[in-house]
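What follows is a single structure, written as structure tokens, with notes after it.
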Amino acid sequence: MSDFGRQIIDWYKENKRVLPWRSTQEPYRIWLSEIILQQTRVAQGLSYYERFVKEFPQVEDLANASEQEVLKLWQGLGYYSRARNLHFAAKQVVEDFGGVFPRDYKSIKSLKGVGDYTAAAIASFAFHLPHPVVDGNVYRLLSRYFNDDTPIDTTQGKKQFQAYADELMLTDEIADFNQAMMEMGAIVCTPKNPSCETCPLQNSCSALKEGSQLELPIKAKKVKVQDRFLHYIVVDANGYYLQQRDDKGIWRNMFEFPLIESQKEEEDISVLAKKEGFEILGSPLYETKHILSHQKLHVKFWKAKADEAVLEKYIQVDHLEDHAIPRVIDRFLEEMMEKV
DNA sequence: AAACCGGGGGG
DNA sequence: CCCCCAGGTTT
């Protein structure tokens, strides 16, 4: 006598937020929104969604763009592999599926950047196929509903919570069921201050009964953060001298100032810069810490000069509108503009 | 199974 | 300051 699905769907219909991707059944737009929203809050992704739809109204428009155009529009959102995969997948739709978005779960999942969660979201929202979504919100909601302390970041945990969702889903209202689970996780069953007193599941939630809701879900692994020391060389000249990052590590294929990375905080940057042909002028123009999920970047920007023979190795641009750059460099440029 | 991949905002 | 978010790919 599980009323789980009925209760969350009824709650959802009364409490759902109005969001642009909820008022369309176009698979292209639903897919786009899902990629943007991976590991990203609605408030942060909203403006990016609007800009992508405006710039690339159809999947063909996205497929015909250059990777740099896509990265540039993605700039500031992070996890840039999503943008490259999005672009790649748009070309898959055009070339492998004749420009028609695939309509079955397996084909949807064959698109680059589309895993179990995203395939289930597209399949259910666009085509009403009975695939429950299991994302961070759902792990939290179900681990609490069943008071289950199986770690969610293990193979066993993924199978366990997928099985719960398979059992609970209402197949003939799958789109609302899936939206309801995620909206519950986003609005009611939140990580820190869940609204248990207004929750539609308060009479059947096992964690609330045990008072364990704040301890769930359990994660087994702990992330270790690596410290890195980045020194960007800003050559004092007309325009900017840039280099393109290679195809591995953070910020793949994006643009940056000439970079010197030191192993320790206190290394003599002038000496390291000299080896690359740059003469450092004065103290750092700007320094900051840039925190990623797995790296802590200690970033300094140095004014420098160099011979023409050295500068030849870099890309000279007058303005940066056509180049995707990391947020930390963008922020440095904003900082410099204010001082002028 | 583990490593890797950004940036922002809430508390 | 810490936590974690509408995850997926590569190794």
Side-chain angles (χ1 to χ4, degrees), chain A residues 12 16-17 19-22 30-49 71 74-86 88-89 108-122 124-125 132-141 151-159 161-162 165 175 178-187 189-194 214 216-226 228 245 247-254 288-297 299 324-331:
Chain A
Y12 172 69
K16 67 179 182 182
R17 293 168 291 180
L19 298 170
W21 46 85
R22 284 180 173 165
I30 290 168
W31 164 61
L32 179 59
S33 74
E34 292 300 335
I35 301 300
I36 288 173
L37 291 170
Q38 286 169 5
Q39 303 295 95
T40 303
R41 286 188 172 79
V42 167
Q44 192 189 354
L46 202 46
S47 68
Y48 285 85
Y49 174 80
L71 277 174
W74 197 270
Q75 180 176 309
L77 200 50
Y79 280 120
Y80 297 96
S81 290
R82 291 185 291 168
R84 282 191 303 277
N85 291 342
L86 184 79
F88 187 95
I108 293 168
K109 207 185 146 183
S110 76
L111 299 174
K112 192 93 162 168
V114 176
D116 290 325
Y117 161 74
T118 307
I122 298 169
S124 63
F125 300 153
V133 292
V134 183
D135 73 337
N137 287 309
V138 175
Y139 281 122
R140 192 167 55 250
L141 180 69
I152 62 172
D153 56 349
T154 60
T155 303
Q156 187 193 346
K158 292 182 202 312
K159 286 179 63 177
F161 289 99
Q162 179 71 46
N178 280 343
Q179 291 284 10
M181 283 206 295
M182 293 193 286
E183 195 78 339
M184 280 286 293
I187 304 295
C189 201
T190 53
K192 289 298 174 58
N193 290 103
L214 295 181
L216 296 168
I218 299 292
K219 283 191 181 177
K221 304 181 180 70
K222 43 194 172 290
V223 272
K224 52 176 183 290
V225 178
Q226 178 193 5
R228 296 177 67 181
R245 292 183 66 85
D247 199 31
K248 56 188 176 190
I250 61 173
W251 305 328
R252 297 209 291 272
N253 298 357
M254 295 174 73
T288 187
K289 292 180 177 59
H290 191 68
I291 311 296
L292 308 180
S293 57
H294 51 295
Q295 296 182 18
K296 182 174 183 178
L297 308 179
V299 187
I325 58 178
R327 188 74 184 98
V328 68
I329 293 179
D330 197 28
R331 187 171 288 129

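In what follows, every heavy atom counts, from backbone to side chain, and hydrogens, waters and symmetry copies are set aside. Remember, it's a predicted structure, so these values are computed and weren't measured experimentally. Each chain gets a letter, A, B and so on, in the order its sequence line appears, and its residues count up from 1.
The residue Ile36(A) sits apart from the nucleic acid: no heavy atom pair falls under 4.0 Å. Within the nucleic acid shown, Thr118(A) comes within 4.0 Å of sugar-phosphate atoms alone, with no base atom in reach, counting heavy atoms only. Nucleic acid contact for Trp21(A): base, since at least one base atom lies under 4.0 Å from a heavy atom of the residue. Residue contacts for Ile291(A): at a heavy-atom cut-off of 4.0 Å it reaches a base atom on one of the strands shown. Using a 4.0 Å heavy-atom distance criterion, Val114(A) is classed as a sugar-phosphate-only contact. Within the 4.0 angstrom heavy-atom criterion, no nucleotide atom of any strand lies near Arg84(A). Residue-level contact check: Gly76(A) touches the backbone only, with heavy atoms under 4.0 Å from sugar-phosphate atoms and none from bases.
The nearest whole Å value for the distance from the CZ atom in Phe88(A) to the C1' atom in dG8(C) is 14 Å. Here dA6(C) presents its P atom at 12 Å from CD of Gln179(A), a figure rounded to the nearest Å. In this structure, CZ of Arg41(A) is placed 15 Å from C1' of dG7(C), rounded to the nearest angstrom. Distance Asp153(A) CG to dC3(C) P: 14 Å, rounded to the nearest Å. To the nearest angstrom, C1' of dC4(B) lies 16 Å from OH of Tyr80(A). The CZ-C1' distance, from Arg252(A) to dT9(C), rounds to 9 Å in whole Å. Spacing between atom CG of Asp135(A) and atom C1' of dA6(C) amounts to 5 Å, rounded to whole angstrom units. Between His290(A) atom NE2 and dG9(B) atom P the separation is 13 Å, expressed in whole Å.
Comparing Arg331(A) and Thr154(A) along DNA chain B, the residue whose closest nucleotide (by nearest heavy atom) sits nearer the 5' end is Thr154(A). Heavy-atom distances to DNA chain C give each of Glu34(A) and Leu111(A) a nearest nucleotide, and the one nearer the 5′ end belongs to Glu34(A). Position along DNA chain C of the nearest nucleotide to Glu183(A) versus Gly113(A) favours Glu183(A) as the more 5'-ward residue.
Donor-acceptor pairing under 3.5 Å is lacking for the side chains of Arg82(A) and Asn85(A).
Between Tyr49(A) and Trp21(A), the ring-plane angle classifies as perpendicular under the 30° and 60° cut-offs.
Of the options Glu34(A), Lys109(A), Gln38(A), a side-chain hydrogen bond (donor to acceptor under 3.5 Å, both in side chains) to Thr118(A) is made by Gln38(A) and by none of the others.
Look at the C1' atom in both dC4(C) and dC5(B): the space between them is 15 Å, to the nearest Å. Atom C1' of dT9(C) sits at a distance of 23 Å from the matching atom of dG8(B), rounded to the whole Å. Atom P of dG9(B) sits at a distance of 24 Å from the matching atom of dG8(C), rounded to the whole Å. For the P atoms, the distance linking dG6(B) with dT11(C) amounts to 15 Å, nearest Å.
Closest approach to the Lys112(A) side chain among dA6(C), dT9(C), dG6(B) is made by dT9(C) (side chain taken as heavy atoms from C-beta onward). Picking from dA6(C), dC5(B), dG7(B) the nucleotide with the shortest atom distance to the side chain of Tyr79(A) gives dC5(B). Listed candidates were dG6(B), dG7(B), dT10(C). Nearest to the side chain of Arg327(A) is dG7(B).
Under a 3.5 Å cut-off, the side chain of Asn178(A) and the backbone N or O of Val133(A) do form a donor-acceptor pair. When atom types are taken as modelled, the side chain of Arg228(A) and the backbone of Gln295(A) share no donor-acceptor pair closer than 3.5 angstrom.
The shortest non-hydrogen separation linking Arg140(A) to Thr190(A) is NE-C, 3.6 Å.
Remark: Trp251(A) is in phosphate contact with dG7(B), judged by side-chain N or O atoms under 4.0 Å from OP1 or OP2. Regarding contacts with the backbone of dA6(C), every side-chain N or O of Gln38(A) stays at 4.0 angstrom or more from both OP1 and OP2. For Gln44(A), no side-chain nitrogen or oxygen approaches OP1 or OP2 of dG9(B) to under 4.0 Å.
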- request: Go through Ile329(A) and Trp251(A) one step at a time and tell me if the side-chain contact (heavy atoms from CB on, under 4.5 Å) criterion holds.
  value: CA-CA 12 Å; Ile329(A) 293 179; Trp251(A) 305 328; 5.9 Å; no
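For dG6(B), there is no paired base (Watson-Crick or G-U wobble, both distances below 3.5 Å).
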